[in-house]
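Here's the structure, in structure tokens; my notes come after.
Bear in mind the structure is a predicted one, so any value in this text is a computation, not a measurement. In each ligand, atom 1 is the first atom listed, and ligand 1 is the first ligand listed.
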Amino acid sequence: MSDCLFCKMVDGEIQPDVVYEDDDVLAFRDLNPQAPVHVLVIPKRHIATLNDLTPEDAELTGKLVLAARELAAREDLADDGYRLVMNCNAHGGQTVFHIHLHLLGGRPMGWPPG
Ligand code: 5GP
Ligand code: ZN
């Protein structure tokens with residue numbers, strides 16, 4: 001997807017602050033952090049929204065969560081806790097249409113979210 005911001009990051013056209021990378025997953029710090037730690041974990045393959053996931057993506061989506069878990073440990077969030085969020089479409093507040101997992105931590109997260 002040539003016009004997708006996160007695909008441009010995967011392709012190296014835009015260089016975010018990368019904190020994790022493997023064959024399938026890229027993670028980088030959010031440009032506009034909502035918490036002391038705010039990392040976005042994305043699949044390298046373009047998937048626009050959660051609605052576009054198929055059963056074949058089960059392993060990939062699991063890898064996103066496991067990468068977030070690893071990063072939470074590295075950022076020393078594991079004991080205090082943290083939040084993982086995926087937004088879908090307008091009511092979910094999705095603004096970038098390449099799925100991503102938000103890893104948020106370093107302060108207590110409110111509930112319910114706004
Ligand atoms: P969404 O609202 O789609 O769930 O989350 C998109 C996230 O991408 C937002 O938290 C926003 O701050 C982040 N974002 C938007 N543009 C950029 C960018 O150019 N670089 C980085 N690192 N994050 C971005
Ligand atoms: Zn994309």
Side-chain angles (χ1 to χ4, degrees):
M1 284 284 289
S2 55
D3 60 346
C4 170
L5 177 68
F6 288 175
C7 282
K8 286 180 182 164
M9 293 178 179
V10 171
D11 293 343
E13 207 177 311
I14 296 174
Q15 276 145 14
D17 183 0
V18 171
V19 291
Y20 177 86
E21 181 168 16
D22 64 28
D23 287 348
D24 303 308
V25 174
L26 183 70
F28 50 87
R29 296 195 190 279
D30 198 291
L31 194 62
N32 183 25
Q34 302 302 311
V37 175
H38 188 173
V39 169
L40 301 176
V41 184
I42 72 170
K44 287 189 169 178
R45 180 159 57 82
H46 182 83
I47 300 169
T49 79
L50 286 172
N51 294 330
D52 300 302
L53 286 170
T54 69
E56 287 69 41
D57 298 319
E59 187 176 350
L60 180 61
T61 50
K63 284 180 177 177
L64 298 180
V65 174
L66 288 171
R69 170 209 165 275
E70 169 64 23
L71 285 164
R74 275 197 221 164
E75 299 278 342
D76 203 24
L77 302 176
D79 288 345
D80 284 342
Y82 52 92
R83 182 168 293 166
L84 301 184
V85 176
M86 290 183 93
N87 298 324
C88 183
N89 280 342
H91 282 191
Q94 186 176 9
T95 59
V96 177
F97 290 87
H98 177 134
I99 62 167
H100 47 281
L101 188 58
H102 296 258
L103 165 62
L104 296 149
R107 65 166 172 81
M109 299 297 145
W111 191 265

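- Scanning all protein heavy atoms for the shortest distance to atom 20 (N) of ligand 1 gives Met9 CE, 3.3 Å.
- At the top of the distance list for atom 3 (O) of ligand 1, counting protein heavy atoms only, stands Thr95 N, 2.7 Å.
- Side chain of His100 to main chain of His98: a donor-acceptor pair is present (N/O by atom type, distance under 3.5 Å, no hydrogens or angles).
- Atoms of ligand 1 found under 4.0 Å from any heavy atom of Asn32 (numbered from 1 in listed order, with element): 12 (O).
- For the pair Lys44 (side chain) and Asp22 (backbone), a donor-acceptor distance under 3.5 Å is present.
- Considering CG of Leu40 and CG of Leu103, their distance stands at 9.0 Å, rounded to 0.5 Å.
- Annotation: angle subtended at the Zn ion (ligand 2) by Cys4 SG and Cys7 SG is 120°, to 10°.
- Closest to the Zn ion (ligand 2) among the N, O or S atoms of His98 is ND1.
- Heavy-atom minimum distance, Ala78 versus Tyr82: CA-CE2, 4.1 Å.
- Proximity to Asn87 (heavy-atom distance under 4.0 Å) selects the following atoms of ligand 1: 1 (P), 4 (O).
- Val65 and Leu50 fall within the same hydrophobic cluster, where Ile, Leu, Val, Met, Phe, Trp and Tyr residues are linked whenever their side-chain heavy atoms come under 4.5 Å apart, directly or through other members.
- Side-chain heavy atoms closer than 4.5 Å link hydrophobic residues (I, L, V, M, F, W, Y) into clusters, and following such links, even through other members, never connects Phe6 to Leu53.
- Of all protein heavy atoms, the one lying nearest to atom 22 (N) of ligand 1 is Arg29 O, 2.9 Å.
- Using a 4.0 Å heavy-atom cutoff, Met86 is absent from the residues neighbouring ligand 1.
- Checked for salt-bridge contact, Arg45 and Asp57 meet the test: a charged N lies under 4.0 Å from a carboxylate O.
- Less than 4.0 angstrom separates some heavy atom of Gly93 from each of these atoms of ligand 1: 1 (P), 2 (O).
- Of all protein heavy atoms, the one closest to atom 24 (C) of ligand 1 is Leu31 CB, 3.7 Å.
- Interatomic distance, CZ of Arg69 versus CG of Leu101, reported as 14.0 Å (0.5 Å rounding).
- Protein heavy atom nearest atom 17 (C) of ligand 1, with residue, atom name and distance: Leu5 CD2, 3.7 Å.
- Cluster annotation: Leu60 and Val10 are assigned to distinct hydrophobic clusters (Ile/Leu/Val/Met/Phe/Trp/Tyr, side-chain heavy-atom contacts under 4.5 Å, transitive).
- Atoms of ligand 1 lying under 4.0 Å from any heavy atom of Phe28, numbered from 1 in the order shown and given with element: 22 (N).
- Of the protein's heavy atoms, Leu40 CD1, 3.5 Å lies nearest to atom 8 (O) of ligand 1.
- Separating the CG atom in Asp80 from the CZ atom in Arg107 is a distance of 13.5 Å, to the nearest 0.5 Å.
- Near Gln94, with a cut-off below 4.0 Å to any heavy atom, the atoms of ligand 1 are 3 (O).
- Using a 4.0 Å cut-off between heavy atoms, Phe6 contacts ligand 1 through its side chain alone, with no backbone atom that close.
- Distance alone, capped at 3.5 Å, is enough to place a donor-acceptor pair between the Gln94 side chain and the Ala48 backbone.
- Regarding atom 1 (P) of ligand 1, its nearest protein heavy-atom neighbour is His100 NE2, 3.1 Å.
- The nearest N/O/S atom of His46 to the Zn ion (ligand 2) is ND1.
- Of the protein's non-hydrogen atoms, the one nearest atom 10 (O) of ligand 1 is Asp30 OD2, 2.5 Å.
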